[in-house]
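Atoms within each ligand, like the ligands themselves, are counted from 1 in listed order.
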Amino acid sequence: MTLVAGIDSSTQSCKVVVRDAESGVLVREGRAPHPPGTEVDPGAWWDALGVASRAAGGLDDVAAVSVAAQQHGLVCLDGSGVVVRPALLWNDTRSAGAARDLVAELGAAAWVAAVGNVPVASLTVAKLRWLAEHEPGNADRTAAVCLPHDWLTWRLSGGRGVESLTTDRSDASGTGYWSAAGGEYRLELLERAFGRVPTVVPSVLGPGALSGRFGAGCGDNAAAALGVQARPGDVVVSVGTSGTAFARASRPVADPTGTVNGFADAEGGHLPLVCTLNASRVLDAAAALLGVDLAELSRLASSAPAGADGLVLVPYLEGERTPDKPDSTGAVHGLRLDNATPGNFARAAVEGLLCGLADAIDALAAVGTPVERVLLIGGGARSAAVREIAPAVFGRPVVLPATGEYVADGAARQAAWALAGADAPPHWAELRSTVVEADPTPWVRERYATARDLTVNR
Ligand SMILES: Nc1ncnc2c1ncn2[C@@H]1O[C@H](COP(=O)(O)OP(=O)(O)O)[C@@H](O)[C@H]1O
Ligand SMILES: O=C(CO)[C@@H](O)[C@H](O)COP(=O)(O)O
C-alpha cells in the first residue's frame, strides 16, 4: 500500500491524515491544538504539526505529503529564514485601517480588476501595509513574505534558503498581490502596500506539482473542496473558526462589491468564496455564557421555536469581515420578559451565525454561482442543532458529509495526485453523506436583516 498524508494547519488546531494513495482509505490520523489569539508564533504550528504527526504514526513511511492551512496569515522571514515577528492571522483586524487606505488610494474597482479582491483586514496585503506603518524595524528586517502553508511546507522540506519558498495558486490568490485571473504576481500592489518588494515571494507551483515528496499544498478552503470532491453546482459551507461559503468555478469571479473573493482553487480553476469571522466560536461563546457544554447548547437550541420567539443574535463577536465591519460587536435584539430563556438565546445564536452564511450563499448566487447542492462541513457542523436548523434558515436541503477532516483529506488527495503525476486528482470513494431537510423559515432571515446593522463598535 502506498501512503500519502494530508495536513490541515487551521486556526484552532493541526490535523494529520494518512491515507492509501489509490483508494483514499483512511489509515491513521492525529491532531494537536494551536494556541489561541490572532497573532501566533509559527513555531507553535510547527510544534503542533510534530505532535499531530506523531499521533498519526509519523510520516516516515509516507510517499507524499501536502500541507493545507488557514489562508492569508502574514509570515515574515529575514534573509536567513528566521521568523521576524509572530504571524498576523486572517482574523486579526488591526489592519482594517490599512485596508481602507489601500482601497481609498486605488478604488475598489481597480483592486478587483487587478487581483479579484477588494482589500479587507484579512488579506495579506493589508497586513503588510500595517507592518510597514507600525513596525518599520520589523518591516526592514523582512526579506521574504509567505503564508502559513508555504512556511510549513518549506520547514518540512528542510528549510533551506528562503529563495526556495513555494506556494500554490489558491493561497497566492488570497494575498491581494497575486491575480487568479492572470496567474501572476502584481508586485506593484505589494510595493504600494509595503513600500518595497521583499527580496523573496514564494514561487507559485501548479496544482499537481511534486517537489521532493511534497505537493504544492493549498489554502484550507481549496483543500476542503478537494476533500469533499466538490463538483459543479456544489456550494460548500464550512462552520469552522471562520464561516465560509465557496464553490469551484471554471472562470475567475470579479465582485465589485468585494463581498465575494475571487480566489483560485487547488485544481487549476477558481474558487469564489465568502468568509465571515464568526462561526463556530459563536457557539462556543453562547455555551460559555449559558454555562453549558456544546451538547447542551445544541439541545437547548433545538428545544426553542424557529425564530427564538423574537430574539435575534447578531454574531459579530470578533468584528466582521463580511459585511466589512471590522470594529463591530455582537448584539442581542428583541429581548422581552417572556422570551428571555436559555433555549431562545441558544437558538438565536445558531440562527444568527446561519443567517450570516445564508447571506454568503446568496452573494455567491448573485455573481452567477449555481447552487444545486449545499454541503455543510467544519467543526461547528458537528452540532446537531446546526445540522437541523441549517436547511430551515438556508431554505433548501443540506448535504451532510459524514463527520470528517475534509481539509486534511483534500491535502492528502492533492498529495496522491502529485505522486501519481496525473492530469487530475484521483477519484476516491464517493462521499458518504446524508441529506437533511426542514420547512424553510424565511421570516428568521427577514427579522435578522432588520437587526443586522444595529450594532455598536468596540
Ligand atoms: N459538537 C460540536 N458542537 C458545536 N461546535 C463544535 C462541536 N465540535 C467541535 N465544535 C467546534 O468546532 C470548532 C473547530 O472546528 P474546525 O473546523 O476544526 O476549526 P478550524 O478549522 O477553524 O480550526 C471549535 O470552535 C469547536 O468548538
Ligand atoms: O480567511 C479565510 C478564508 O478567506 C478563512 O477561511 C481562513 O482560511 C481560516 O479558516 P478556518 O481555520 O476557519 O478553517
> Is there a heavy atom in Arg321 that sits closer than 4.0 Å to ligand 2?
Replying inline: yes
> Between Thr244 and Asn221, does any side-chain donor sit less than 3.5 Å from a side-chain acceptor?
Replying inline: yes
> Among protein heavy atoms, which sits nearest to atom 7 (C) of ligand 2, and what does the distance come to when rounded to 0.1 Å?
Replying inline: Gln71 N, 3.7 Å
> Any idea which part of Asp284 is under 4.0 Å from ligand 1, heavy-atom wise: side chain, backbone, both or neither?
Replying inline: side chain
>> Could you tell me, atom by atom, which parts of ligand 2 come under 4.0 Å of a heavy atom of Thr11?
In response: 9 (C), 11 (P), 12 (O), 13 (O)
> If you draw the axis of the six-membered ring of Trp178, does the NZ or CZ of Arg186 fall within 45° of it and under 6.0 Å from the ring centre?
Replying inline: no
> Tell me, which protein residue and heavy-atom name are nearest atom 4 (O) of ligand 2, and how many Å apart are they?
Replying inline: His72 NE2, 2.6 Å
> So, does Ser122 sit close enough to ligand 2 that a heavy atom of it is under 4.0 Å from the ligand?
Replying inline: no
> Counting heavy atoms only, which of Ser383, Ala295, Ser280 is nearest atom 3 (N) of ligand 1?
Replying inline: Ser383
> What protein heavy atom sits nearest atom 5 (C) of ligand 2, and how far away is it?
Replying inline: Ser242 OG, 3.4 Å
>> Check this for me - ligand 1, Asp8, N or O atoms closer than 3.5 angstrom, yes or no?
In response: no
>> Tell me the contacting part of Asn221 for ligand 2: side chain, backbone, both, or neither, using a 4.0 Å heavy-atom threshold, strictly below.
In response: side chain
> At what distance is the nearest protein heavy atom to atom 10 (O) of ligand 2, and which residue and atom is it?
Replying inline: Asp220 OD2, 2.8 Å
>> Closer than 4.0 Å to some heavy atom of Thr11 - which atoms of ligand 1 meet that?
In response: 22 (O), 23 (O)
> Any idea which protein heavy atom is nearest atom 21 (O) of ligand 1, and the distance to it?
Replying inline: Ser10 CB, 3.1 Å
> Hey, what's the ring geometry for Trp151 with Trp46, parallel, tilted or perpendicular (30° and 60° as the breaks)?
Replying inline: perpendicular
>> Could you tell me if Thr241 and Gln12 have a donor-acceptor pair between their side chains, going purely by distance under 3.5 Å?
In response: yes
>> Which of the numbered atoms in ligand 1 are under 4.0 angstrom from any heavy atom belonging to Gly380?
In response: 5 (N), 12 (O)
>> Quick check for you: to the nearest 0.5 Å, what is the distance between Cys76 atom SG and Leu128 atom CG?
In response: 6.0 Å
> If you measure from each non-hydrogen atom of His34 to ligand 1, which part falls under 4.0 Å: side chain, backbone, both or neither?
Replying inline: neither
> Who gets closest to atom 11 (C) of ligand 1 by heavy atom: Gly379, Gly243, Ala285?
Replying inline: Gly379
> Judged by modelled atom types alone, do Glu318 and Thr93 share a side-chain donor-acceptor pair under 3.5 Å?
Replying inline: no
> Which atoms from ligand 2 have a heavy atom of Leu273 less than 4.0 Å away?
Replying inline: 4 (O)
> Under 4.0 Å from any heavy atom of Thr244, which atoms of ligand 2 are there?
Replying inline: 6 (O)
> Distance-only, no hydrogens or angles: does the Ser157 side chain make a donor-acceptor pair with backbone N or O of Trp154 under 3.5 Å?
Replying inline: yes
> Nearest to atom 22 (O) of ligand 1, what protein heavy atom do you find, and at what distance?
Replying inline: Thr241 OG1, 2.5 Å
>> If only side-chain N and O atoms count, and only distance matters, is there a donor-acceptor pair under 3.5 Å linking Thr257 with Asp255?
In response: yes
> So, His270 versus Asp265: side-chain donor-acceptor pair below 3.5 Å or not?
Replying inline: no
>> Less than 4.5 Å apart, side chain to side chain, heavy atoms only: is that true for Phe194 and Leu131?
In response: yes
> Which atoms of ligand 1 are found less than 4.0 Å from any heavy atom of Lys15?
Replying inline: 16 (P), 18 (O), 21 (O)
> Does any N/O atom on Ser242 come nearer than 3.5 Å to any N/O atom on ligand 1?
Replying inline: no
>> Under a 4.0 angstrom heavy-atom cut-off, which atoms of ligand 2 come close to Thr241?
In response: 13 (O)
>> Can you confirm whether the side chains of Thr167 and Asp150 place a donor and an acceptor under 3.5 Å from each other?
In response: yes
